[in-house]
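Notes for the one structure printed next.
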Amino acid sequence: MRARITSIENLIAKDPNTRNIFPLIRKDHMRLAASSLVQAERVLITSGFPILRARAGETDGPPGAVALGNALKRLGKAIAYVTDRHLQELFKAIGAEPLVDYSPEILEKLEVSHLVAIERPGRARDGRYYNMSGEDITELVEPIDELFLRAQSQRVVTIGIGDGGNEVGMGRVFKRVITDVRHGEKIASTVPTDYVIVSGVSNWGAYGLIAALSVLAGQDLLPSSCEIEETLERLVRAGAVDGLSGKSETAVDGLPLGSTLELVEELRWQLTPPLQGVKGVEVGVIGAGRSGIAVARLLLQEGASVRISEKESRQIPKDLSECKWEMGGHSLEFMEGVDIIVLSPGVDPSMSLVRELRARGVPVLSELELAYQLARPTVVAITGSIGKRTTVELLGSIMEAWGNPIQVGGNKGRPLSELLLEGSRGPFALAVSSFQLESVRHFKPDIAVILNIRPFHLERHRDLIETLRIKSRIFMNQGAGDFLILNSDDPIMSPLEEKHWGETLWFSKDKPLSKGAWIWKEKILLCPDGGEVRCLGSLRHDLPAEDLMAALLAAWCLGVGLEDLEKVWEVLWQKKNC
Ligand code: ZN
Ligand code: ZN
């Protein structure tokens, strides 16, 4: 349950407008907010952010507010809305009748148990309200945030959802906003809430909260694609504008409708439990490369009916002759009626066939995700921009020298399906790419390693933060008892420890650590449990130090004791020399 909500938290943290929100996210606030709302009786919801140029309300906020209100109504809660006088019409257009009164007495009068703000200005240090560019918008904002300041003394639970640092709720992460957000000094909201939910777009934060409520309530409370589209159209007809362009269009924060619909679909998958076998299930495999073939074999073995679509033409392997085949391209007709689609790594997930099947509600899984769900083996997953394969191989050698070999594979090596076909149930050491991590749903390594983080393209900060978010999906399903191994020399990784539920171990090339692995005078030192420090031996120039330290720590997490690691070192890399 907790893992699925962490996963939802990660999904809504996508930061398409590069506002650097990732460091603002407070671990577990999403789950705590949702759990509290499940107990709510009367919820007062506020939203509405004025756009100075257009002197109108923006498209971010009200759709999320009303969707959350509707979800809560389905759970039997009483709902009321409040917004600025000049934004009343926007709310009415999308089916909400806001109160005109927002004097603090209404909290008592309405017996409000929970107060929720979605994309609602919160006063800055100087008592005024600012937009993200630092422009003063005070004349267009009514002081509804006062309710949140009063709520505390009245035992009303408060929740704030925001995407920029200037909204109600962000007072909870005030210092972070000052240091990490552009114009933070000036715009940072001083209005805290009990729980703050930070997302790339505030509507997404609301949809995320609805998804979390759905997980807790055991029912899908998310709005449908049609509802989301219709709400935006009505809102724009009533005068709302896109917050970025200032234009009258259904975009939200400069993003087209499609990106919200995609996000909500991804959220919906978090409500789907992992597969309990595939007997009799119709599975379509797109791409007949190494992993496509391996997964098709595994699926057949597990009793599924398999169709394989391949864009080239190639010979059909004998043992896969009972599958249906399509060659020379991918068509919708061929995939008509499938229950699940498995995408090979080389296949573009945004191709129209995949989009169409997704829109029809067909789950799209990667080979790694499907194989994992079928077997749920013990996995050491290793990601990073460089060194994944080397680390996997090093861990394989260590485990073999210890006398308990593990099977290695993953991205660009042997796919998990292939390893499972041999009958082994693990543990496995797998190299995992960003591409694979983006489609992770229930994949949960027992030990996760992030070696380093480099931007995908140029040395651009936005790529770096987005890469960090994607890499952090490697541990989003982990819980107590699982391990996360991180590189302490990569300062961008430092916020990850507090987002992790299990135990975190660090390694460093240039400084001693209280717990983990590090290098001192060209020697590798190990202290994974915070106890005695062991020297394993001299650094070897043919082995990348980072990869080696990560592999040693992973081996320790797999149960190789420190003394055994010393012996293994001697066997593999000669005597200690410490
Ligand atoms: Zn905002
Ligand atoms: Zn926004």
Side-chain angles (χ1 to χ4, degrees), residues 37 40-51 54-123 129 137-151 154 156-162 166-169 189 191 193 197 202-203 205-207 209-210 223 227-228 230-241 243 248 252:
L37 279 174
E41 280 167 26
R42 295 170 169 275
V43 186
L44 179 59
I45 303 176
T46 181
S47 183
F49 208 107
I51 300 305
R55 303 190 85 78
E58 71 160 311
T59 50
D60 192 16
V66 173
L68 179 64
N70 290 341
L72 289 168
K73 273 185 206 162
R74 284 172 62 188
L75 294 178
K77 319 295 178 192
I79 304 298
Y81 300 93
V82 60
T83 190
D84 305 286
R85 253 158 293 199
H86 69 103
L87 297 179
Q88 298 272 324
E89 293 308 314
L90 294 188
F91 277 75
K92 287 182 187 160
I94 57 174
E97 192 72 41
L99 308 171
V100 190
D101 177 17
Y102 55 85
S103 60
E105 292 72 50
I106 58 165
L107 291 179
E108 220 168 328
K109 214 160 74 190
L110 296 176
E111 294 176 30
V112 172
S113 66
H114 288 66
L115 194 51
V116 184
I118 300 166
E119 188 64 17
R120 179 68 207 170
R123 61 194 64 182
Y129 302 97
I137 53 168
T138 311
E139 54 163 329
L140 295 171
V141 178
E142 292 177 52
I144 295 171
D145 58 350
E146 185 74 39
L147 288 176
F148 290 78
L149 298 170
R150 294 287 188 97
Q154 310 207 14
V156 175
V157 177
T158 54
I159 298 166
I161 300 179
N166 52 348
E167 302 94 350
V168 167
S189 155
V191 184
T193 44
I197 293 168
S202 293
N203 283 341
Y207 300 137
L209 184 54
I210 298 169
E227 282 172 297
I228 292 172
E230 208 184 304
T231 301
L232 272 167
E233 279 168 2
R234 284 195 198 172
L235 201 63
V236 170
R237 257 182 271 134
V241 298
S248 164
V252 178

Taking the side chain as everything from C-beta on, heavy atoms only, tell me whether Gln88 gets closer than 4.5 Å to Thr83. yes

Quick check: does any side chain N or O of Thr158 sit under 3.5 Å from a backbone N or O of Thr193, one acting as donor and the other as acceptor? no

Validation row: Glu142, Arg85 side chains within 4.5 angstrom (heavy atoms): yes

Any side-chain heavy-atom pair of Ile106 and Leu44 under 4.5 Å: yes

Rounded to the nearest 0.5 angstrom, the CG-CD distance for Leu87 and Glu58 is 10.0 Å

Begin from the C-alpha positions of Asn70 and Glu227 and carry the test side-chain contact (heavy atoms from CB on, under 4.5 Å) through to its verdict. CA-CA 11 Å; Asn70 290 341; Glu227 282 172 297; 5.5 Å; no

For the atom pair CG (Leu209) and CG (Leu72), what is the distance rounded to the nearest 0.5 Å? 7.5 Å

Between His114 and Ile159, is there a donor-acceptor pair closer than 3.5 Å when you use the side chain of the first and the backbone of the second? no

Quick one: does Val168's side chain get under 4.5 Å of Thr46's, heavy atoms only? no

Can you give me the closest heavy-atom contact between Ile210 and Leu68, atom names plus distance? CD1-N, 3.5 Å

Separation of Ser202 OG from Ile161 CD1 (nearest 0.5 Å): 7.5 Å

What distance separates Lys77 NZ from Arg42 CZ, expressed to the nearest 0.5 Å? 12.0 Å

Report yes if some heavy atom in the side chain of Phe49 is under 4.5 Å from a heavy atom in the side chain of Ile137; otherwise report no. yes

CG/Leu99 to CG/Leu110 distance, rounded to the nearest 0.5 angstrom? 6.0 Å

Looking only at non-hydrogen atoms, find the nearest pair between Glu119 and Gly61 and report the distance. CB-CA, 3.8 Å

For Glu233, what residues pass the side-chain hydrogen bond (donor to acceptor under 3.5 Å, both in side chains) criterion, not counting sequence neighbours? none

Taking all atoms of both residues into account, what is the closest heavy-atom pair of Gly243 and Thr59, and its distance? N-OG1, 4.4 Å

In the structure I gave you, are the side-chain heavy atoms of Phe91 and Ser47 within less than 4.5 Å of one another anywhere? yes

Applying side-chain hydrogen bond (donor to acceptor under 3.5 Å, both in side chains), can you list everything that pairs with Glu139, at least two apart in sequence or on another chain? Arg55

Which of Asp145, Asp84, Asp60 passes salt bridge (charged side-chain N to carboxylate O under 4.0 Å, His left out) with Arg120? Answer is Asp84

If you draw a 6.0 Å radius around CD in Glu41, do more than 12 non-hydrogen atoms from other residues or ligands fall strictly inside? no

For a quick test of reading the model, state the closest non-hydrogen atom pair linking Val43 to Val116 and the distance between them. CG1-CG2, 3.8 Å

Quick one: pull up OG1 in Thr231 and CG in Asn203 and give me the separation to the nearest 0.5 Å. 9.5 Å

Minimal heavy-atom distance between Gly48 and Pro121, with the atoms involved, is O-CD, 3.4 Å

Is Tyr207 close to Pro223 at the side-chain level, that is, under 4.5 Å between some pair of heavy atoms? yes

When you compare the side chain of Glu97 with that of Lys92, does any pair of heavy atoms fall below 4.5 Å? yes

Residue pair Ala238 / Leu90: nearest heavy atoms and the distance that separates them: O-CD2, 3.6 Å

